[in-house]
Number of protein chains: 2
Amino acid sequence: MDNRGNILDVALHMFSDKGYDAVSVQEIVESAGITKPTLYYYFGSKYGLLEAILEDGFSKLDQMIGSYIDEDSNDVREQLFKVAKAFLTFAVEESRFFSFMLSLMYSAKGGEPYKAVKPHLHKLYQAIIDMFERSSSQLGNMNGRQEQFAMGYLGFLNQYVFTFSERNFFRDNDLREHINDDDVRSLIQQFMYGIVS
Amino acid sequence: MDNRGNILDVALHMFSDKGYDAVSVQEIVESAGITKPTLYYYFGSKYGLLEAILEDGFSKLDQMIGSYIDEDSNDVREQLFKVAKAFLTFAVEESRFFSFMLSLMYSAKGGEPYKAVKPHLHKLYQAIIDMFERSSSQLGNMNGRQEQFAMGYLGFLNQYVFTFSERNFFRDNDLREHINDDDVRSLIQQFMYGIVS
DNA sequence: TTTTCATTATACCGATTGGTATAATTAATG
DNA sequence: CATTAATTATACCAATCGGTATAATGAAAA
């Protein structure tokens with residue numbers, strides 16, 4: 001099996017379970033069935049391993065969103081729907097990475113883990129901001145509140161995923177495996193109600 | 001000055017800034033201008049210090065919510081308004097603790113920091129669940145979804161605070177100091193729209 | 001077969017981790 | 001003044017931290 005990929009998998013699993021700082025390099029290499037120099041050969045440092053995990057996960061997320069987003073259409077509701085669909089699908093398919101991403105998003109701003117996600121989050125925000133920008137004709141004058149909308153929208157989706165996964169966590173189930181289109185549309189409706197008023 | 005209180009202040013400041021695991025006991029006592037045995041005299045362990053911080057902060061939050069909540073009234077909108085007002089006021093007055101609480105809420109479920117907040121969060125959820133329970137006559141049959149509502153509502157409020165503090169973070173401002181009642185009512189309206197439909 | 005180069009195992013490093021034993025200090029009480 | 005009990009400073013501990021020097025391995029190319 002591919003060592004590099006295996007290390008990434010194992011480390012993501014442990015980071016999302018116990019947190020980046022609480023997991024030692026020693027634990028990782030033992031779980032992965034390798035030794036320390038192998039890990040340092042591939043990633044250079046523990047922080048480098050974290051960066052590689054984020055690079056990997058966010059590129060999948062970008063790809064997922066990119067495959068859904070349509071540059072031609074500028075219908076707000078349809079755009080929001082596609083982003084939500086992509087986002088929620090990703091949250092189900094890569095649930096481990098998603099919950100890890102969430103924990104980093106809310107982690108201490110002065111810490112190393114946050115420093116590592118920050119550029120990825122900014123890039124993600126920017127993509128959503130651009131989408132709102134394109135749809136500005138339908139939303140009226142946003143007075144530079146696109147950024148606030150983007151953060152609100154992503155937070156809204158995150159909250160949805162978190163609530164459901166948390167509820168299932170207490171009940172020892174997995175995340176629902178299928179994203180229902182009607183549920184997503186109802187979600188969009190709820191979010192837009194807060195905007196258009 | 002009171003040593004115990006000073007340690008709590010300094011530790012909360014550092015934990016919220018860099019994260020629990022990333023802050024060493026040594027750093028804390030140096031910042032607080034004391035020595036290690038003093039800290040261990042009061043709190044027994046680093047984890048004990050964390051527990052004391054949470055005990056302190058959550059008791060303030062409970063008190064804040066308790067002072068707003070009205071057991072007699074069972075009007076949903078009014079109850080939700082009071083909880084929101086209390087919550088947001090607390091987020092402004094104890095912004096440091098609030099952001100630290102948020103980071104713990106989303107932190108790794110298998111980690112020690114989460115283990116420490118878990119009971120406090122459950123208690124908080126329970127208070128909100130009870131509120132929905134009392135208001136069930138107005139919301140129709142909730143089919144045991146009170147728990148989901150409670151989580152959704154708290155997450156909704158958290159997201160609101162997070163979005164604003166994050167936006168201000170990028171702009172190097174403080175959180176707005178005054179909670180506007182109209183903003184809160186509009187927030188409730190937005191949340192309820194998602195429920196009653 | 002020999003050379004080459006990516007990959008891995010053994011063993012180690014200084015620094016820091018959370019935590020503590022012990023005695024000195026301080027303030028209040030008898 | 002003597003005694004007690006809370007509080008603090010000095011100095012230390014084993015264990016673990018992230019990271020590395022060095023040489024052995026493996027397979028592929030010459």
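Seen from the ring of B:Tyr40, B:Lys46 does not count as a face-on cation partner, given the 6.0 Å and 45° thresholds.
Phosphate proximity of D:dT8 to B:Thr35: absent, as no side-chain N or O sits under 4.0 Å from OP1 or OP2. Between B:Asn3 and the phosphate of D:dT8, there is a side-chain N or O to OP1/OP2 separation shorter than 4.0 Å.
One atom, CD1 of B:Ile34, and another, P of D:dA9, lie 8 Å apart when rounded to the nearest Å. As rounded to whole Å, 15 Å separates atom C1' of D:dT16 from atom CD1 of A:Ile28. In this structure, the CG atom of A:Asn6 is 11 Å from the P atom of C:dT8, given to the nearest Å. Spacing between atom CG of B:Asp2 and atom C1' of D:dA6 amounts to 14 Å, rounded to whole angstrom units. What separates CG of A:Asp21 from C1' of C:dG18 is a distance of 15 Å, to the nearest Å. D:dA6 atom P lies 12 Å from atom OH of B:Tyr42, rounded to whole Å. In this structure, B:Phe43 places its CZ atom 12 Å from P of D:dT7, rounding to the nearest Å. In this structure, the CG atom of B:Leu50 is 14 Å from the C1' atom of C:dG18, given to the nearest Å.
Contacts of B:Val29 with the nucleic acid, taken as non-hydrogen atoms under 4.0 Å apart, are absent.
Sequence order on DNA chain D of the closest nucleotides to B:Tyr41 and A:Glu27 puts B:Tyr41 first from the 5' end.
A salt bridge is absent between B:Arg96 and B:Asp9: the closest approach of a Lys/Arg side-chain nitrogen to an acidic carboxylate oxygen does not fall below 4.0 angstrom.
Using cut-offs of 30° and 60° on the angle between ring planes, the pair A:Phe98 and A:Phe87 is perpendicular.
Other residues, nucleotides and ligands contribute more than 12 heavy atoms inside 6.0 Å of the CD atom of A:Glu78.
Nearest nucleotide to the side chain of A:Ser24, out of D:dC17, C:dT7, C:dT10: D:dC17.
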Could you list the protein-to-nucleotides 19-24 of chain C atom pairs, N/O on both sides, closer than 3.5 Å?
{"residue": "C:dG19", "atom": "OP2", "partner": "B:Tyr40", "partner atom": "OH", "Å": "3.0"}
{"residue": "C:dG19", "atom": "OP2", "partner": "B:Lys46", "partner atom": "N", "Å": "2.9"}
{"residue": "C:dG19", "atom": "N7", "partner": "B:Lys36", "partner atom": "NZ", "Å": "2.9"}
{"residue": "C:dG19", "atom": "O6", "partner": "B:Lys36", "partner atom": "NZ", "Å": "2.3"}

*Assess whether side chain to side chain donor-acceptor pair (under 3.5 Å) is satisfied between B:Glu133 and B:Gln146, documenting all intermediate values.*
CA-CA 7 Å; B:Glu133 208 78 64; B:Gln146 295 91 341; 2.8 Å; yes
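Remark: the A:Asp75 side chain and the A:Gln79 side chain contain no N/O donor-acceptor pair separated by less than 3.5 Å. For the 3.5 Å distance criterion, the side chains of A:Glu55 and A:Ser59 fail to qualify, holding no donor opposite an acceptor.
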